[in-house]
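What follows is a short report on a single structure.
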Amino acid sequence: VVEKSFLEDINSILTSGEVPNLYAPEDLAAVREAMRPLARSAGVQETNDALFAFFVERARANMHICLAMSPVGDNFRNYVRMFPALVNNTTIDWFADWPKTALQEVGMKFLESIDLGEPQVVENVSAVFASAHYSVIEASRQMLAGLQRYNYTTPTNYLSLVKGYCELLREKRHAVGELRGKLVGGLSKLSDTAVQVSEMSVELEQKKKTVAKAQTECEELLVVIVQEKRQVDEQQKTVTADAEKIGKEEIACKAQADEAQADLDKALPALEAAQKALELLNKKDMSEIKAYQKPPDVVALVLSGVMVLCKAEPSWNEAKKQLGDPNFLNRLINFDKDQLVDSLLNKVSKFTTKPEFDPDTVGAVSKAAKSLCMWVRAMEVYGRIAKDVAPKRAKVQAAMRTLQQKQDALAAAKASLQEITEKVLALKEKYNTNVANKERLKQESEELEIKLERATALVNGLGGERERWEGSIATYEEQIAALP
């Protein structure tokens, strides 16, 4: 019995057929609805109490409860006093003692899992179990007659006896078998050690030969490394001198390039301002200019300059056509300013040299035309400066090409040097690996020699124990055979 509350519920079932407060109100409603058709066919009133009572009566008529309890101890008496329905509303079936043949059969069943040799031994051991159990029952009867004290001997006690014997037999067999196994293992180790001693002698000779060979290879490899290292040092000096010379030339080329770029950067502020002004324009601004039937003179002047740079006819009709192109602003923003030739700059200067071709003057008439005016002026300034810088840039480019050739030659020399250096490093790594391998083999050879000496001493020292261990093994085997 895990919880006493179980017996309380069982007592209620035996007394009234139900467990109080077992169902929640919503569950009771479901039970009554399920019983209503059965109650109607049985002629029972369909009230709530009558329906539940009908349900309880049907459940009670179909329920059978079986309880098994041991009379040993005070629990059984206490349960009977606390829950009288266990006696009043049940039929008590007192189990009689198992007969001797049953006890013997149960004992033989348990002994099936244990190897006892002959079947007769199994029967004899189970007969001893039954005799011992019945002798305790007889002694309990004598104690009850003489001392008026009960001593219950149940089948559980008999099962504990049988299980205890089986467990004790396994432990004894295991203990004796373990002792025998240790000695057998010792003899096996002695035999294995003798074999290993002969094998180690052969292996030791082989390792000594391998160590001598590894020593020779290391010495030969060291000679090759010294020769290769001399070649690397010579090539390193040549590459260092070339690198220093090319470095100076590179500095000179960079100074010329910086000078040309500085001249070119003078046009960049105006160019960036024009670019930003163009980026602020949109299709609406273009539509504003395009909406003129006849544009103001300054607007027409700016658009003529734009058309010249775009290599189009410098007229209002052509400008109006260009303004209608959705990509017109993108073309101006991405204009290839490095392609401004002298003829194009001379044409556009006819417009830009006029006094009214001024961003502020144009901005008073049209914001969009002001941005275009700034762009035309920036393109002209950049073109003029780029024309002056072009010879310098050409000179820098020629010097850079020569420098690049020398740098390529230097890179090839460095690559060759790197290749030889890596070869030397690989040889050094191989040499270090060979030396480490030689030392490892030497260490293993020394350790193997020590093991061989110890194993030989062990085999010689334990040679006299073999006979004693063999005798002990025979004794333990007889004990195992004698354990029933």
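Quick note: residue numbers are just sequence positions, from 1. Note that this is a predicted model, so its numbers are computed, not measured. What's counted below: heavy atoms across the whole structure, side chains too, no hydrogens, waters or symmetry copies.
Considering every non-hydrogen atom in both Ala50 and Gln45, the closest pair reads CB-O, 3.3 Å. Cys166 and Phe110 make their closest contact through SG-O, 4.3 Å (heavy atoms, listed as atom of the first residue, atom of the second, distance). Smallest separation of non-hydrogen atoms from Ile114 and Arg173: CG2-NH1, 3.6 Å. Closest heavy-atom contact between Leu51 and Ala39: CD2-CB, 3.5 Å. Heavy-atom minimum distance, Arg60 versus Ile13: NE-O, 4.5 Å. Nearest heavy-atom pair across Ser113 and Arg170 is OG-NH2, 3.6 Å.
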### Task
Give the C-alpha distance, both sets of side-chain angles, the deciding distance and a yes or no for side-chain contact (heavy atoms from CB on, under 4.5 Å) between Phe129 and Val106.
CA-CA 10 Å; Phe129 290 158; Val106 171; over 6 Å; no
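The distance from atom CG of Asn89 to atom CD1 of Ile65, rounded to the nearest 0.5 Å, is 10.0 Å. Here the CD atom belonging to Gln104 is positioned 4.0 Å from the OG atom belonging to Ser126, to the nearest 0.5 angstrom. Between Phe55 atom CZ and Leu38 atom CG the span is 11.0 Å, to the nearest 0.5 Å. The structure places CG of Leu67 at 5.0 Å from CD1 of Ile10, a figure rounded to the nearest 0.5 Å. Separation of atoms CG (Asp9) and CZ (Phe83) is listed at 9.0 Å; rounding is to 0.5 Å. Going from atom CZ of Arg32 over to atom CG of Asp27 covers 11.0 Å, rounded to the nearest 0.5 Å.
Checking side-chain atoms of Asn62 against main-chain N and O of Arg58 turns up a donor-acceptor pair under 3.5 Å. Counting only distance, with no hydrogens or angles, the side chain of Asn11 and the backbone of Leu7 share no donor-acceptor pair below 3.5 Å. Looking at Thr15, its side chain never comes within 3.5 Å of a backbone N or O of Ser12 through a donor-acceptor pair. In terms of modelled atom types and a separation under 3.5 Å, the side chain of Ser135 and the main chain of Ala132 share a donor-acceptor contact.
For Glu171, the side chain to side chain contact (heavy atoms under 4.5 Å, CB included) partners two or more places apart in sequence, or in a different chain, are Glu167, Leu168.
Here the options are Leu103, Val128, Val162, the test is side-chain contact (heavy atoms from CB on, under 4.5 Å), and the partner is His133; only Leu103 passes.
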Sequence neighbours excluded and cut-off under 3.5 Å, please list the side-chain donor-acceptor pairs for residues 176-183, or say none.
unit_1, atom_1, unit_2, atom_2, d
Arg180, NE, Glu477, OE2, 3.0
Arg180, NH2, Glu477, OE2, 3.0

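A salt bridge between Glu112 and Lys109 is present, with a side-chain N of the basic residue lying under 4.0 Å from a carboxylate O of the acidic one.
Counting heavy-atom neighbours within 6.0 Å of Glu118 CD, excluding the residue itself, gives a total of 12 or less.
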